[in-house]
Amino acid sequence: ILDHPRFLVLDKPAGLLCQPGLGSHQQDSLISRLQPECPDLRLVHRLDRDTSGLILLAKDLGMLRCLAALFATRRVRKLYIAEVKGQMAGLSGQVRLPLARLKRQPPTYGFHPEGKECITLWRRLQLMKSSTRLWLSPRTGRSHQLRAHLAAQHHPIIGDPIYNPCCSASGLRLRALALRFPDPDDPSRQVRACAPMPAWAHP
């Protein structure tokens, strides 16, 4: 998607881990496929295995620190597209709900008064008979944030094996579509990267 001298933006397919997990069956991952050719490559952030879309990687330790600082200070803007169960009322809104891990296997997150602050902005893209397509912009970057926030609104993402297990759709309908952040080498310039729309979002 974007090959900068000091960082990469790649389009991760659904079903691929960003980094190896526990056990021999979870060793295949995006970073383990890339590091044999680029040993210094490091993940700046992560996507869930079932989520497809844009992922940012640093090519050196200095750039990793710069990009991680941008994430920490919420200067990175991320845009997702999702399709959720049911007709979501309203044209736009905000979900502000603290989340914590409620279960280890499978990892499951949900509301907890002592959880970490989580903020998700949403805007309706298309209303359909039994589902709604949304633009999502997380302002924080917690594990399962979008999936858990939408499930808490009683509109779980279609195809979600954890938060919407009764759904028969194949594949999680959540995709990281765009990234925007200040260029660490020239803060007056914005870096923008966009991925193709998913097949399920086409008419």
Side-chain angles (χ1 to χ4, degrees), residues 1-2 9-15 18 45-56 70-71 74-100 102 107-113 115-181 190-203:
I1 296 286
L2 194 157
V9 180
L10 300 180
D11 187 351
K12 184 189 82 68
C18 282
H45 66 120
R46 294 181 297 278
L47 294 175
D48 298 337
R49 174 168 53 186
D50 296 322
T51 304
S52 70
L54 299 185
I55 195 85
L56 180 59
L70 292 177
F71 272 89
R74 302 183 184 179
R75 298 178 68 195
V76 179
R77 288 288 176 259
K78 295 175 283 184
L79 180 69
Y80 291 73
I81 186 172
E83 186 170 344
V84 302
K85 178 182 177 181
Q87 292 190 328
M88 200 151 174
L91 296 176
S92 63
Q94 179 185 110
V95 182
R96 185 184 289 262
L97 197 67
L99 298 175
L102 305 180
T108 306
Y109 294 78
F111 168 73
H112 193 285
K116 294 180 179 178
E117 178 192 33
C118 295
I119 304 168
T120 300
L121 306 183
W122 64 269
R123 183 162 55 89
R124 196 169 76 191
L125 171 63
Q126 186 177 1
L127 195 63
M128 291 168 289
K129 184 176 180 180
S130 59
S131 63
T132 309
R133 287 187 187 142
L134 301 172
W135 297 119
L136 301 172
S137 181
R139 288 296 189 258
T140 49
R142 312 303 185 193
S143 295
H144 288 204
Q145 176 177 322
L146 300 178
R147 298 165 67 178
H149 266 179
L150 288 163
Q153 305 305 303
H154 308 292
H155 292 285
I157 298 174
I158 290 175
D160 193 322
I162 296 176
Y163 302 95
N164 192 17
C166 297
C167 179
S168 61
S170 59
L172 179 68
R173 295 195 177 179
L174 177 65
R175 179 162 169 76
L177 270 187
L179 281 173
R180 177 170 58 85
F181 54 92
Q190 291 285 312
V191 176
R192 291 179 171 85
C194 295
M197 290 284 279
W200 49 262
H202 292 294

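Just the heavy atoms: all of them, side chains too, but no hydrogens, waters or symmetry mates, feed the values below.
- Residue Arg123 places its CZ atom among 12 or fewer non-hydrogen atoms of other residues, nucleotides or ligands, all under 6.0 Å distant.
- With contacts defined as side-chain heavy-atom distances shorter than 4.5 Å, the pair Leu150/Trp122 does not qualify.
- Put simply, NZ on Lys85 and OG1 on Thr132 are 12.0 Å apart, with the number rounded to the nearest 0.5 Å.
- Remark: the Thr140 side chain and the Glu117 side chain contain no N/O donor-acceptor pair separated by less than 3.5 Å.
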Criterion side chain to side chain donor-acceptor pair (under 3.5 Å) on Arg133 and Ser131, from CA distance to verdict: CA-CA 7 Å; Arg133 287 187 187 142; Ser131 63; over 6 Å; no
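- For the residue pair Gln94 / Arg96, a side-chain donor-acceptor distance below 3.5 Å is found, with atom types taken as modelled.
- Taking 4.5 Å as the limit, every side-chain heavy atom of Arg142 sits out of range of all side-chain heavy atoms of Tyr109.
- In this structure, NE2 in His202 is found 6.5 Å from CE in Met197, a value given to the nearest 0.5 Å.
- Within the 4.5 Å cutoff, the side chain of Leu47 has no heavy atoms near those of the Lys78 side chain.
- Crowding of Arg139 atom CZ: a count of heavy atoms from other residues, nucleotides or ligands under 6.0 Å exceeding 12.
- Checking each of His144, His155, His149 against Tyr163 for a ring-ring contact (aromatic ring centres under 6.0 Å, His included) leaves exactly one that passes, namely His144.
- You'll find the side chain of Arg147 reaches within 4.5 Å of the side chain of Leu172, heavy atoms only.
- Between Lys12 and Cys18, some side-chain heavy-atom pair lies under the 4.5 Å cut-off.
- Counted within 6.0 Å of CZ on Arg49, heavy atoms from surrounding residues, nucleotides or ligands total 12 or fewer; the atom is thus considered open.
- With a 4.5 Å cut-off on side-chain heavy atoms, Asp50 and Asp160 do not count as touching.
- Taking 4.5 Å as the limit, every side-chain heavy atom of Tyr80 sits out of range of all side-chain heavy atoms of Leu177.
- Summarising the geometry, atom OG1 belonging to Thr51 is positioned 8.0 Å from atom CG belonging to Leu146; distances are rounded to the nearest 0.5 Å.
- Surrounding CZ of Arg77 are more than 12 heavy atoms belonging to other residues, nucleotides or ligands, all under 6.0 Å away.
- Contact annotation: the side chain of Val84 approaches that of Ile157 to within less than 4.5 Å [non-hydrogen atoms, C-beta and beyond].
- Separation of atoms CG (Leu136) and CD1 (Ile81) is listed at 9.0 Å; rounding is to 0.5 Å.
- One finds the SG atom of Cys194 at 8.5 Å from the CD1 atom of Ile1 (value rounded to the nearest 0.5 Å).
- With values rounded to the nearest 0.5 angstrom, Thr120 atom OG1 is found 8.0 Å from Leu99 atom CG.
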